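This report refers to the structure that appears directly beneath it.
Please read all numbers here as calculations on a predicted model, not as lab measurements.
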Protein chains: 2
Amino acid sequence: MESETTRPMMHIGELAERTELSLRTIRHYDEIGLLKPSGRTEGGFRLYTEGDYARLMLIRRMKPLGFPLEDMSELLRIIDTLKHDGGSELREQLDQFIDRAVEQRVKLQHQLDMADEFISLLRSQ
Amino acid sequence: MESETTRPMMHIGELAERTELSLRTIRHYDEIGLLKPSGRTEGGFRLYTEGDYARLMLIRRMKPLGFPLEDMSELLRIIDTLKHDGGSELREQLDQFIDRAVEQRVKLQHQLDMADEFISLLRSQ
DNA sequence: CAACTCAACTCTTACGTTAGGGTAGCTTTC
DNA sequence: GAAAGCTACCCTAACGTAAGAGTTGAGTTG
């Protein structure tokens with residue numbers, strides 16, 4: 001049975017491998033405050049938890065929507081806060097994000113269509 | 001009957017409106033040589049033809065594939081050349097582009113899926 | 001009809017932004 | 001001591017965003 005204490009923290013390299021994001025990207029997210037490591041070693045190595053991993057995967061799924069990283073920070077903050085406290089103003093903010101996300105989803109679909117058009121154009125050459 | 005001479009050239013503004021691209025973007029494409037205007041007025045205004053418009057629309061459809069603008073230039077050159085001359089090395093180059101395009105198309109589809117996952121996650125909050 | 005006016009449009013130049021990539025030189029970990 | 005990580009710095013693409021000056025062409029004027 002794998003106890004919780006078996007893998008309490010991981011270094012940045014493992015996180016990068018598991019999320020398929022680059023070291024540079026993860027460090028960047030730390031710099032701008034999008035995802036700060038849960039700890040550091042004595043020597044200064046970043047330490048991440050499973051929770052951090054989950055959060056980073058969430059960010060990864062968010063990326064195609066093209067939100068600025070700063071907005072992602074805000075959205076994560078909203079989601080976190082909503083879990084403990086169901087403020088109605090937060091609800092509104094979340095709904096706004098959902099609207100934006102759906103809007104972006106439409107654009108993505110549109111882009112996919114354009115890509116298909118273009119590919120068949122290339123093939124017809 | 002609308003003769004050819006009725007709208008021989010247009011200014012950048014009209015081109016921007018018709019393609020839904022920004023003035024800045026079109027000027028940028030001029031700067032880097034992706035789409036040079038067919039002419040200039042005495043005073044220096046860029047002048048574009050219907051052919052330029054068609055080319056720009058092609059570029060627009062290409063954009064979702066995420067190719068660097070420089071590669072788009074090359075691809076356009078290949079397509080143009082293939083129309084007059086069917087060199088087999090060009091054919092190969094075109095086929096390579098098609099492969100890359102299909103690859104990108106797969107990524108786009110994947111992104112769309114991730115976006116959907118993310119949206120339903122937001123909705124479940 | 002030639003000259004003038006004027007708003008709308010366009011020009012170049014130049015710096016700013018976003019989301020990282022890439023390197024160097026040094027330190028920490030295992 | 002090799003592998004992995006650190007900070008710090010500069011670099012890039014594809015535009016955005018001013019600032020300040022010049023152009024166009026339709027509509028008066030004289």
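- In this structure, the nucleotide among D:dC6, C:dC11, C:dG20 sitting nearest to the side chain of B:Arg40 is C:dC11.
- For B:Phe97, the ring pair (Phe, Tyr, Trp, His ring centres under 6.0 Å) test picks out B:Phe67, with sequence neighbours left out.
- Defined by atom type and a distance below 3.5 Å, a donor-acceptor pair is present between the side-chain atoms of B:Gln109 and B:Arg105.
- The shortest distance between side-chain heavy atoms of B:Ile79 and A:Leu122 falls below 4.5 Å.
- Residues of residues 22-37 of chain A that place a heavy atom closer than 4.0 Å to DNA chain D, in numerical order, are A:Arg24, A:Arg27.
- Put simply, the side chain of B:Asp52 gets close to the backbone of B:Thr49: a donor and an acceptor are under 3.5 Å apart.
- For the pair B:Ile59 CD1 and D:dC15 C1', the computed distance is 15 Å after rounding to whole Å.
- Panel note: side chain B:Ser88, backbone B:Arg91; no donor-acceptor pair is recorded below 3.5 Å.
- For the pair B:Arg40 (side chain) and B:Leu47 (backbone), a donor-acceptor distance under 3.5 Å is absent.
- Between the side chain of B:Thr81 and the backbone N or O of B:Arg77, at least one donor-acceptor pair lies under 3.5 Å.
- In this entry the distance linking OH of B:Tyr48 with P of C:dT10 reads 10 Å, nearest Å.
- B:Leu47 has its CG atom 9 Å from the P atom of C:dC11, to the nearest Å.
- The main-chain N or O of A:Arg27 is never found under 3.5 Å from a side-chain atom of A:Asp30 such that the two would form a donor-acceptor pair.
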Report, as a single string ordered 5' to 3', how protein heavy atoms within less than 4.0 Å touch nucleotides 24-30 of chain C: B base, S sugar-phosphate only, - not at all. ----BSS
